[in-house]
Each structure stands twice: as structure tokens, then as C-alpha cells.
K.L.:
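Structure incoming, see below.
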Number of protein chains: 2
Amino acid sequence: MKVLLLNRISIYLTLNRISDFYHHITMAKEKRTSIKDLASSLGVSPALISIVLNGKAKQYRISDEMVKRVKAAAKEMNYYPNVVAQNLRGGKSQLIGVIVTDISNPFYSTISRRIEDRANELNYNVLFSSSDENLENTERLIKVLLNKGVDGLIVVPCDGSRNSIAELIADDVPLVLLDRNFPDLDVKYSCLDNFKATRLATRHLIDQGYENISVISYETQMNHIMERVAGYEETMREAGLEKSININRINLSNPRSEMREVLGHLFQGNTEAILCLTNMLSINGIYCLKEMNKKIPDDIAFVGFNRSDVFNLLDSPVTYIKQPIEKIANEAVNRVVDLISGSSYAADDVIIADPELVIQSSTPKKNVLTHT
Amino acid sequence: MKVLLLNRISIYLTLNRISDFYHHITMAKEKRTSIKDLASSLGVSPALISIVLNGKAKQYRISDEMVKRVKAAAKEMNYYPNVVAQNLRGGKSQLIGVIVTDISNPFYSTISRRIEDRANELNYNVLFSSSDENLENTERLIKVLLNKGVDGLIVVPCDGSRNSIAELIADDVPLVLLDRNFPDLDVKYSCLDNFKATRLATRHLIDQGYENISVISYETQMNHIMERVAGYEETMREAGLEKSININRINLSNPRSEMREVLGHLFQGNTEAILCLTNMLSINGIYCLKEMNKKIPDDIAFVGFNRSDVFNLLDSPVTYIKQPIEKIANEAVNRVVDLISGSSYAADDVIIADPELVIQSSTPKKNVLTHT
DNA sequence: TACATATGCTAAAACGATTAAGTAAGATAA
DNA sequence: TTATCTTACTTAATCGTTTTAGCATATGTA
């Protein structure tokens, strides 16, 4: 359009004037309509416009006639409010800040997608960011997001972030923890029932006839992992298998080589079944087993955590613990919006979602294999 | 802290007064330091503070003595600027809106992560959203993001969005297309060299001795897919294999069953090698081949698109076309920031990134298999 | 002595929206 | 007739920052 116009008109212009014309176009670039523009175009005060467009016409006894005119003008002049100004004035930004550990991690990208959709349903937008499980990043991102004027936060807290989270609570920032929580803090959260998750998996393995069940976990103080470990331990103990409890912790700085080492150990012992406590550990484990030419389930039974395409591609698809991602994400958003606006979308103060065990052929009845 | 304090003092208070006290605490909640606070604490004007903290002291001939005092006070009172106010004043939000088709798709979540990081490096934040390849969603999201006051947009355009994109350009919205583009529009973009990508793959297959190479694509008018098809076709023609050109298009509404059908056809014909034009098609293809008990590469050679964990888990890891995701994401951000602020971070006006072919054992020399 | 120049700062408007408080004009009541 | 109440608006302050224009005071020059 612009170019067409320029071509048509420039016929009549000297070179000098063309640049004037250009300048004029640039200057004339339709600035976004503000409340003032609407006001002066209707010959009324800016306040009136604001009142009408915020649905407070009744309260301020603005005439129906005027309300109509204002709305018509707003539509015609394509007015939409400047969120930055609204935000400064002390209003809300309709923005939720989300900190996950890594948005490119399939678990968190799936959860983020659902957070996005739910937030949109409730008329919020989402600022995502990734902490890389790093405390400094987490603290920086919290500051950045608050500084951006987000109305509330959904945070996957990393190791060591307890105090930062406590500060947020003390400052009355609307906050919901996701995926993990700090049981000693009075904070809202939306998590898997991690204890039940490994309990379910361990019970299943025991029911299938396995006794020497080993866990692969990683080094952390985070509550969600400790719960997973506890679920395994307690179930083993209940079954009188306390002597077989075997927990292997991997340092995340070099997961592949540490996994190799751990698996090497396990095969020197009498481990019959492996339970991996995270998705990343599961996938690494599967890769390493393949490297070592060990077959699931012939050489070892295997239970993974969270779905992965990789699980279903094996000759024996992998039994895994499935999280109700939709529910966890939905309720996190519901809760934070409740905190922000006093609404009551959330089913509960705190969400501890039930896991599901998707049973596939990586965990067959043990006697089928050994006694036939 | 708050609770401790409350307990101590409440001893002396009636119930009524406790709520007063609570109210008082809430009111007293340390408000964030503003420029005004600094100014009055130093007995100078707010302008001076702003000038000093923006490094314009020289320009405004502020004394060195004063500069020191201001900086010391700012540090001591833990001042940091209110970004919302800065944005209002400067008309910028330091926000980039990003529309991908689905943030939970591994390709886009990986690219989003890099967009996030690069944007942060340039002092921007990112609003992500997902269009689900849907035109209405795309148009709605563009509006929503502009309403949020984003300074610029990075968009993965969906089928049929040409006109919406053209409008954005006409409105001078800083915009960079990602992953796909419209060659007839004068718009910035950051994409893979799609033609070269399939050219590379097809060439490789031909070099390995395959002649009957079939492509699996999907129904779309989008340029990036047409380029991929063209790269294949032209390479086949150059090699004198025009008669073997075989392009199969799948409707995305039901990919798995359509894939089964297509593969069934291919096995009835004389296809020796399959080239899948997207990651999703590749993974679906691999699943279906497994279902059909067909082995890669014994029964058929296979080239995939974009990396996937699945590719490397097969007995013969899959040869695939690798995109320089980092570069594509980086340059998209660079470009849009350049458009917004007149900087010049981007290497070029338009980025057409070189693909890389990661050669693995799914595409062995043909004669090795057939003539030994 | 008078004028110009340098120095070191301040005043005030602006960005766009919201809202408590106020006002003017007409209607109603005493 | 005067006081009171409605109605339908407006005024002006405010959020926190930036920036242009200006104002004293001090110093230098002729």
C-alpha cells in the first residue's frame, strides 16, 4: 500500500520533496489510539472514556446515550488500552510468570502448553522462563518477572531455593509451586503424589515376583525426589524386602557416564528390576542398557518415569509412571489466579495429583521368565 | 518474621486490635524504593537521580561528588528502576511476542528455549503462545500479543496466514517469521534452507546407490514444505531419476492411519528408501514400520527430519537432516530486536540457515546389502 | 565594571490510564 | 423561595521515570 501510494504521488515530486514525503509518511504513522484521542474526538474528558470502557458507567451515572457513543468511537478508532500504563497505575498486568527448569524438557514443555491454554482461558498471558535448576538463575528470574509486573508466579523451585520462596510468601506475592514443594513452608503447590507414584511402581514389581529392585535417582535435597525414594523404601519394607533396598544416586553434571557406572554395578549384583525416578534418568538408562547390550526385560525389568516416545519404541515397551499433567497444570493456574483475584477456580488449596502406572511388557511376571 | 512479631505483640492486644495491627503490617509492607525516595533522602531533585543512574552525569555536568553520593544511596536503599514506568515513559515494553504452532512440540520447545535465552541476553522477555497450525488462533494471538504491548513479534506462520502477515507488515509491526516464510512478501525471516536440506538427503541416498526414493510429506501450501519437495524433485531429476519421483502426502488429521496406508502402498511398489519431510512424520513412520515388522535398513532405508531420541534408539540409528536451531533462533531474535530498536545484531536481513546431514546406519551403501 | 561563559543543579511536562472528589444544572421537596 | 437531591459529567492527582528548558551562582574576559 505504502509503496503504491509513494509511486503514484512521487511522479509529481522533485527528489527533494520525495524525502519530505517519506518523512511525512513516517511521521503520520498512525500512532495507537489513546484515551485522550477518544476524549478529544468526542469532546469529553478522558475520565469519562475510562469509566465507560471499564464498565463503571452505572456507578458514575453516565448516560446510556454517552455510553453508546464512547463504545462506538472506541471500536471505530480501534482503541485498545495500553497495558503498560494500566500496569503502572497500579492495576494488574494480567500476566503470570512461570519459571520451569527448562522449557525444552518435554515434561515441562507439555506442562507449559497446558499452563498457557488454561491461562488464556482465564484471560491471562504467561511469561515463561527457564532456571536450569540453578539457584542464582531462579532468583534473578523471580526479580525480572516481578519487575515486569506479573500478577503472580508459578515456580518449579530448584534445589536450595527454599529461602527465596519463603521470601516471596512473606512478601505476599501470589505464588504456586509446581511439580515440587517445600513441606515446611506454608505455600500453595500443585504436584504429583510422588510417594504414591513409586509405591505403585514398587508394588507392581513386587507383585510381578521381583525381589531385588534397585532405584536410580539423583543427588538432591528436593522433596519430590525424597518422596519418591520414600515410596519405594516403605513399600519394600512392608513387603519384608528391606534387605534388598538399593538406591543409586547419579550426579547430574555427567549423567551418561555415571549411569554406565551405576548399571555396571547393578549387573554385578543381583538386581532384577530397575526403577528410574525421573524421565531423564529413564531415557539415559535405556540408552546405556542398549549400549551394554542388555535386553529389557530378558536381562532386567524396567520401570520409567513420565511418558516418552522412546519407551514405546522398544521391543518390549516400557512400564512407566504417568503424571496427570493436565490436572497439575490446570490447578496451578487456577490456584494462582485465585490468589491474584480472589476467585475460586481451584478445586483445593493444594493439589496432590494421583499417579497412574502404565503397565507394559518391560515388567512381565518374573516366574514366566525364570521358571519356564 | 511477620508471624513472630505478631505473636509477641498480640499479647497486649484485644482481638479487635489484632486486625488493626494486621492492617498496619499490610500497609507498612516496605514499599519499593523509587527515584523520589532517593531524591528526598539526598535532598535533591528526582531528575538528578535519573540522570546519574542513567550514566548521563557528564552530559548534565553533575559533580563527581554528587554522582558518588547518589550511587551510594541507590545501593544502600536497594533501588532498582521500575521497568513498567520506564516502559510507559519510553513507549517500549521490552517484550517480544512469539507464536509457534505448539510449544510442546520438541522442535519448537527447543527453539523457544534458545529464543528465551537470546532475548534475555538482549534484555527482552518473551511471551510464548501456540497456534496449533490454526489460522483463527494465529490471528487471535497476534491481537492478544499486540494488546499486551509487545515491541515485536516472532511468528511461525500457519497455512493461510499470508494476509494476516501482510497486514502486520503494512502496519510496520516489527516482525520476523520463523521456520517458514512467504517468498512473495517483503518480510524478514529466519529459516532453514529447506531446498538444500532435501537436496542433501536425496543426494546422499543416490550416492549410496538407491534409485527408488519416496518422499512422505503432508498436505499444505506452506512454502517450507514445497521447498523440501522441490529439493527432492530437482535432485532426482538431475540424477536422471525423474521416473522414480514419488511423493506421498498425508493428511494431518489422522497421521498414524494414513501413514500405515502410505507405507503399505510403498511396500507394494519398489521403494528402496523413504525420506520423511518432518519430524512428526519421521517418528510416525518409524512407529508404523515397527508395527509392520519392517526393519530399517534391511527392508528399507530411511532418512528423518530433525533430531529425535527415537532415531538413536533403533538398532540402526537413523540418518537425519539437522537444523541449526541455535542459529535460526538467535537470528530471529537478533532481527526482531534490530527492527525494534535500530540496533544491528543480526548477521543478515534474512536468514537461510544451512542444514546438516547426520549420516547414521539407516542409509547404508545399497550394494553392500543387495550384492553380498 | 560589564558581559559572556561555565557549572551544577531544578522545574515541569510527558507517557496513558484510573479514580476520589468536585461541580454545574436541573428536578424535587419543604 | 430556598434547600436538598439527582444527574451527568469534569478536575486533578497519581503511578515512576525521563528529558527539555531554564535558573542561579561562580568564573573568566575585555
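Basis for what follows: all heavy atoms, side chains included, without hydrogens, waters or symmetry-related copies. Naming: A, B, ... by sequence-line order, numbering from 1 per chain. None of the values given here were measured: they were computed from a predicted structure.
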K.L.:
With heavy atoms under 4.0 Å as the rule, sort A/Asn87 into base, sugar-phosphate or nothing.
P.N.:
nothing
K.L.:
Compare side-chain N and O positions of B/Tyr79 against OP1 and OP2 of D/dT17 and report whether any pair is under 4.0 Å apart.
P.N.:
yes
K.L.:
Using a 4.0 Å heavy-atom cut-off across all strands, classify A/Val44 as base, sugar-phosphate, or nothing.
P.N.:
sugar-phosphate
K.L.:
B/Ile49 CD1 to D/dT19 P: how many Å, rounded?
P.N.:
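B/Ile49 atom CD1 is separated from D/dT19 atom P by 16 Å.
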K.L.:
Phosphate oxygens OP1/OP2 of D/dT18: is one of them under 4.0 Å from a side-chain N or O of B/Gln86?
P.N.:
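B/Gln86 to D/dT18 OP1/OP2: side-chain N or O found under 4.0 Å.
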K.L.:
Heavy-atom nearest nucleotide on DNA chain C for A/Ala47 versus A/Arg61: which residue maps closer to 5'?
P.N.:
A/Ala47
K.L.:
Do A/Arg118 and A/Tyr345 form a cation-pi contact, if we require the NZ or CZ to be under 6.0 Å from the six-membered ring centre and within 45 degrees of the ring's axis?
P.N.:
yes
K.L.:
Does A/Ser50 make a side-chain N or O approach to OP1 or OP2 of C/dG16 shorter than 4.0 Å?
P.N.:
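Indeed not, no polar side-chain atom of A/Ser50 lies that close.
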K.L.:
Does A/Ser34 make a side-chain N or O approach to OP1 or OP2 of C/dC15 shorter than 4.0 Å?
P.N.:
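Answer is no, no contact under 4.0 Å.
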K.L.:
For B/Glu167, is there an ion pair with B/Lys143 - N to carboxylate O distance below 4.0 angstrom?
P.N.:
no
K.L.:
I'd like to know if B/Asp64 pairs up with B/Lys68 as an ion pair, taking the criterion as any Lys NZ or Arg NE/NH1/NH2 lying under 4.0 Å from an Asp or Glu carboxylate oxygen.
P.N.:
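No, B/Asp64 and B/Lys68 are not salt-bridged.
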K.L.:
In this structure, how many angstroms lie between the P atom of D/dC9 and the CG atom of A/Leu42, rounded?
P.N.:
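After rounding, the gap between these two atoms is 11 Å.
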K.L.:
Round to a whole Å and report the spacing from CE of A/Met66 to C1' of D/dT7.
P.N.:
13 Å
K.L.:
Among D/dA21, D/dT17, D/dA8, which nucleotide has an atom closest to any side-chain atom of B/Pro81?
P.N.:
D/dT17
K.L.:
Specify the separation, in whole Å, of atom CG of B/Asp64 and atom C1' of C/dC9.
P.N.:
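After rounding, the reported distance stands at 14 Å.
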K.L.:
State whether A/Asp37 and A/Arg32 are salt-bridged, where the test is any N-O pair (Lys NZ or Arg NE/NH1/NH2 against Asp/Glu carboxylate O) under 4.0 Å.
P.N.:
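A/Arg32 and A/Asp37: not salt-bridged.
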K.L.:
Quick check on DNA chain C: between B/Ser45 and B/Ala85, whose nearest nucleotide comes earlier from the 5' end?
P.N.:
B/Ser45
K.L.:
Could you pick out which residue, B/Leu88 or B/Ile51, lies toward the 5' side of DNA chain D when each is mapped onto its nearest nucleotide?
P.N.:
B/Leu88
K.L.:
Do any side-chain nitrogens or oxygens of A/Lys36 fall under 4.0 Å of OP1 or OP2 in C/dA14?
P.N.:
no
K.L.:
Below 4.5 Å, heavy atoms only, C-beta onward: do B/Leu153 and B/Leu146 meet side chain to side chain?
P.N.:
yes
K.L.:
Consider the side chain of A/Asn82, meaning its heavy atoms from C-beta on, and name the nucleotide among C/dG16, C/dA20, D/dT18 that approaches it most closely.
P.N.:
C/dG16
K.L.:
Indicate, yes or no, whether a donor-acceptor pair under 3.5 Å links the base of D/dT18 to the side chain of B/Arg89.
P.N.:
yes
K.L.:
Taking 4.0 Å as the cut-off, does a side-chain nitrogen or oxygen of B/Asn54 come that near to OP1 or OP2 on D/dT18?
P.N.:
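Yes, because at least one side-chain N or O of B/Asn54 sits under 4.0 Å from OP1 or OP2 of D/dT18.
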